[in-house]
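Accompanying notes for the structure given below.
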Amino acid sequence: MAGTTKAQYQHFVPQFLLRNFSHPYKPQNNDPKKPKRSKRKYEKGMFPGDLVVSNLNLSANPPVICETSVKRILGHVDMYRDMSKLSPEQQQYIEQMFSRLEGQTSIIFRKITKAFEQQDKGLWLTRDERDLIRKFLFLLKYRGSTFHRRFYHDNAEGYDANDRELLHDYMAEKGYKRPVDVWFDNLKTIMELRMDPEGNWMQDLPKRMFLSDAMWFISHAQSMYMAICTPSDPSDEFILTDNSYNVFEGPNYFAADEGTGKIQGTAYTPLHEFAPISPKLMIVLRSFVIPVAEEDSNADVQLDREFCRSLALDMVYKREVESLLEDLPIKKASNNYSEIVNGRVQLINGEDGQKRKDHKFYFKFFPIDTQHVNTINGILLDNAYVCSSVVFKSIKSFSHTLEWFLTASCAIGKVVTGEDADLRLTCLKNLATVSQSLGSEKKPVWREEPVPVVQDLEKFRLMKIEQSRLLGKIIENDQKFTTDTKYMQIYKTLGKSLRISFQLSLVINLFCQVGRKKVSSRI
C-alpha cells in the first residue's frame with residue numbers, strides 16, 4: 001500500500017516569479033486593541049509583512065479583487081504527486097525535480113531583473129543559460145493546469161484530447177496504465193534533457209518520450225526566437241494569469257462535425273507566445289516565419305522562410321494571416337560569433353558556423369508602447385476564461401488595461417465561439433462587471449460567432465493520426481527523405497488541422513533533408 005504524507009500546495013507558476021508581482025501584506029484593520037495576529041488573519045494565511053499579490057479572483061462568484069499569499073496562488077494541492085510510488089519521498093519526485101530546476105533557472109531570471117533594475121540596455125546570456133530558459137518556458141506551459149486536466153486520469157479512456165489514439169498506442173507500447181504516468185515521464189525526460197550545442201538532442205528526444213509532445217518541445221525551442229520587452233510608459237504594466245505561459249497570438253479556428261455535432265479545433269498557428277517575468281518585463285517568443293530583415297537579405301534564407309510560412313499559414317488558411325504583433329519592435333539577440341555587415345549576417349573571423357557552448361547572446365530590453373502592452377495583456381485576458389486568477393501590480397494600471405481590452409474592437413479577440421463559448425461569454429461578462437466596479441463607464445464590446453459545420457471532420461482527424469504514426473516509424477528507423485518522396489507530399493499537407501499537424505510540419509523540417517539551409521541562422 002502506498003505511503004501517505006502531508007498534502008503539499010504545489011505551484012505551476014513558481015514563487016520566484018510571483019514575488020516579482022508581490023508586495024508586503026498590510027492589514028486594513030488598524031484597531032490598536034486587536035492583536036496583530038488575530039485568528040481571522042491566521043485563517044487567511046497572511047500576516048503583516050508576508051508577501052502577497054493583488055489579483056482578480058475569477059473563481060469567486062462574483063469575481064472579486066483581493067490580496068492572496070504568494071504561497072497559495074497559481075497552484076494546486078499535490079498536483080505532481082505520483083500515488084503509484086510506494087514511499088512518500090518517491091511520490092514527490094517530480095516536485096523535487098521542479099524545485100532543483102527552479103533553483104537553477106531563478107538565478108538566470110534574477111540576472112535579467114537585476115540588469116533591468118540597474119537600467120542596463122540589455123544583458124549577455126550563455127548558450128546554456130538561454131537554452132535553460134527555453135526549456136523552462138516550455139515546462140511552465142506543459143506543467144500547468146491545462147495539462148494537468150489533460151493527463152490526470154486513472155485510465156486511458158479518461159484521456160480525450162485530439163491525439164488520444166496516439167497516446168493509447170504509446171501507453172500500450174510502454175506498459176503505462178494511466179495517462180498521468182505519461183505526463184510524469186514526459187516532464188522528467190524534459191527536465192533531464194541536455195540540449196547539446198550540436199543539436200543531437202533533437203534526434204534523441206522523440207525516441208525517449210511521447211512523440212507528439214517531444215515534437216512540440218522541439219518546435220517550441222527551435223522555431224521561435226526570444227526577445228525581452230518592457231513598457232516605455234512608466235505607468236504601464238504587464239499582468240499574469242494562470243495560463244500566461246500557454247497563450248499564443250495567431251490564427252485559431254474551430255468547427256463542428258456535421259455528423260456528430262462535436263466541436264474541435266481545426267487549425268491554429270502560434271506566431272507569438274508570452275512569458276511574464278515581472279510587471280515591467282515580458283519575454284516574447286516570435287515565430288521564425290515572420291520576416292527578419294538582416295537574415296532575409298540572404299536570398300536562400302528568405303526563400304526558405306517563405307517556404308515554411310507557406311506550409312504553416314498560406315496552405316492552411318483561406319485568407320492572408322496578419323499578426324496583431326507583427327510591428328512589435330523586437331529583434332533577434334545579437335551574439336559573439338556573427339555580425340551584421342551592410343545589412344547582412346556574417347560570421348566573424350575564426351568562426352566556422354558550428355554552434356559552441358561558449359557562444360553568448362546579447363538580449364536587449366525592447367521598450368514597447370502602450371498599444372502593444374495593452375495588446376499583449378488583452379491576449380492574456382482573452383484566454384482567461386479557464387483561469388482562476390489575474391495577477392497584477394497596481395490597481396490603476398490593471399483598471400486601464402481591463403477597460404481597454406473590453407472596449408477595443410474585436411480585431412484583438414473577444415470572439416465568443418468554439419467548444420468553450422459559454423465559458424468565454426461568462427468570463428467577458430464578469431470582466432465587464434469588474435471594470436464597471438472600478439469606475440469604467442464605457443460600453444464593453446464582443447462578438448458571438450457560430451461555429452462552422454463541416455463534413456467528415458472526424459475522418460480528417462483520424463487521417464492526421466495515421467500521418468503521425470507514419471512519422472513515428474520514420475523517426476524510429478532514422479530514415480532520411482528528399483522532396484520527391486511520398487512522405488514529403490504528406491509533409492506539404494501537414495498543418496491543415498489540429499495542434500499535432502502544425503508541430504509535425506515544423507519538426508519534419510528539422511529532421512528531413514529538404515536541400516535547404518536552416519532559416520534560424522542566428523540561433
Side-chain angles (χ1 to χ4, degrees), residues 84 141-142 146-190 205-220 246 252-270 316 418-420 451 453-477 479 481 486-487 489-508 511-512:
S84 69
K141 177 198 303 286
Y142 194 66
T146 299
F147 288 89
H148 182 266
R149 290 191 296 270
R150 172 186 168 191
F151 282 107
Y152 218 87
H153 306 286
D154 290 330
N155 53 65
E157 289 70 29
Y159 185 92
D160 194 37
N162 61 25
D163 58 352
R164 51 191 174 274
E165 289 85 359
L166 299 176
L167 186 86
H168 295 166
D169 290 349
Y170 185 76
M171 290 177 63
E173 176 189 349
K174 299 296 183 181
Y176 291 127
K177 302 299 183 184
R178 308 174 303 166
V180 71
D181 294 327
V182 179
W183 188 44
F184 287 154
D185 185 66
N186 289 347
L187 288 168
K188 178 176 180 291
T189 299
I190 294 173
L205 186 65
K207 302 174 186 177
R208 296 175 51 199
M209 61 178 281
F210 182 45
L211 178 60
S212 295
D213 292 350
M215 295 189 300
W216 187 19
F217 174 72
I218 293 171
S219 66
H220 184 271
N246 199 27
N252 188 18
Y253 290 96
F254 297 86
D257 186 271
E258 184 180 53
T260 66
K262 185 175 181 179
I263 299 173
Q264 59 181 296
T266 57
Y268 87 76
T269 306
V316 180
E419 56 188 336
D420 296 317
V451 177
V453 177
V454 299
Q455 293 181 343
D456 297 327
L457 184 59
E458 178 65 6
K459 181 179 179 181
F460 193 56
R461 184 188 71 83
L462 293 174
M463 181 186 73
K464 296 301 179 182
I465 293 293
E466 291 306 312
Q467 293 175 353
S468 298
R469 286 173 172 150
L470 173 60
L471 176 62
K473 293 177 181 178
I474 291 167
I475 293 174
E476 182 180 351
N477 296 326
Q479 296 180 36
F481 292 84
K486 179 181 178 181
Y487 182 70
Q489 297 304 314
I490 296 176
Y491 171 33
K492 293 176 181 179
T493 69
L494 294 174
K496 289 193 174 180
S497 87
L498 309 179
R499 173 181 66 80
I500 56 174
S501 298
F502 178 61
Q503 304 309 329
L504 279 170
S505 67
L506 292 179
V507 175
I508 295 166
F511 275 92
C512 298

Output the distance between atom [atom1] ([X]) and atom [atom2] ([Y]), rounded to the nearest 0.5 Å.
| X | Y | atom1 | atom2 | result |
| --- | --- | --- | --- | --- |
| N252 | T269 | CG | OG1 | 9.0 Å |
| M215 | L205 | CE | CG | 11.0 Å |
| I218 | D213 | CD1 | CG | 11.0 Å |
| L462 | D456 | CG | CG | 10.5 Å |
| D420 | I263 | CG | CD1 | 9.0 Å |
| H220 | W216 | NE2 | CH2 | 8.0 Å |

**Q.** Plane angle bin for Y152 and F184 - parallel if under 30°, tilted between 30 and 60°, otherwise perpendicular
**A.** perpendicular

**Q.** Those residues that, when tested against R469, pass side-chain contact (heavy atoms from CB on, under 4.5 Å) (two or more places apart)
**A.** E165, L166, D169, I465, E466

Q.
Using side-chain contact (heavy atoms from CB on, under 4.5 Å), reason through K262 and E458 one step at a time and then give a plain yes or no.
A. CA-CA 9 Å; K262 185 175 181 179; E458 178 65 6; 5.8 Å; no

Provide the closest heavy-atom pair for [X] versus [Y] in the form atom of the first, atom of the second, distance.
| X | Y | value |
| --- | --- | --- |
| D181 | S84 | OD1-OG, 4.3 Å |
| V454 | A255 | CG2-CB, 4.0 Å |
| Y142 | W183 | O-NE1, 3.0 Å |
| H153 | R178 | O-CB, 3.5 Å |
| A156 | H168 | O-NE2, 2.9 Å |
| P179 | M171 | N-CE, 3.7 Å |

Q.
Show, in sequence, the C-alpha distance, side-chain angles and deciding distance for F217 and K141, and conclude whether the side-chain contact (heavy atoms from CB on, under 4.5 Å) test is met.
A. CA-CA 10 Å; F217 174 72; K141 177 198 303 286; over 6 Å; no

Q. Which one of D185, T189, D163 satisfies the side chain to side chain contact (heavy atoms under 4.5 Å, CB included) criterion with F210?
A. D163

Q: Quick one: list whatever passes ring pair (Phe, Tyr, Trp, His ring centres under 6.0 Å) with F254, sequence neighbours left out.
A: none

Q) With K188, which residues qualify under salt bridge (Lys or Arg N to Asp or Glu O under 4.0 Å), at least two apart? A) E192

Q.
Between L167 and F151, is the side-chain contact (heavy atoms from CB on, under 4.5 Å) condition met? List the steps.
A. CA-CA 10 Å; L167 186 86; F151 282 107; 3.9 Å; yes

Q | Polar side-chain atom of R461 near backbone of N162 as donor-acceptor pair, under 3.5 Å | A | yes

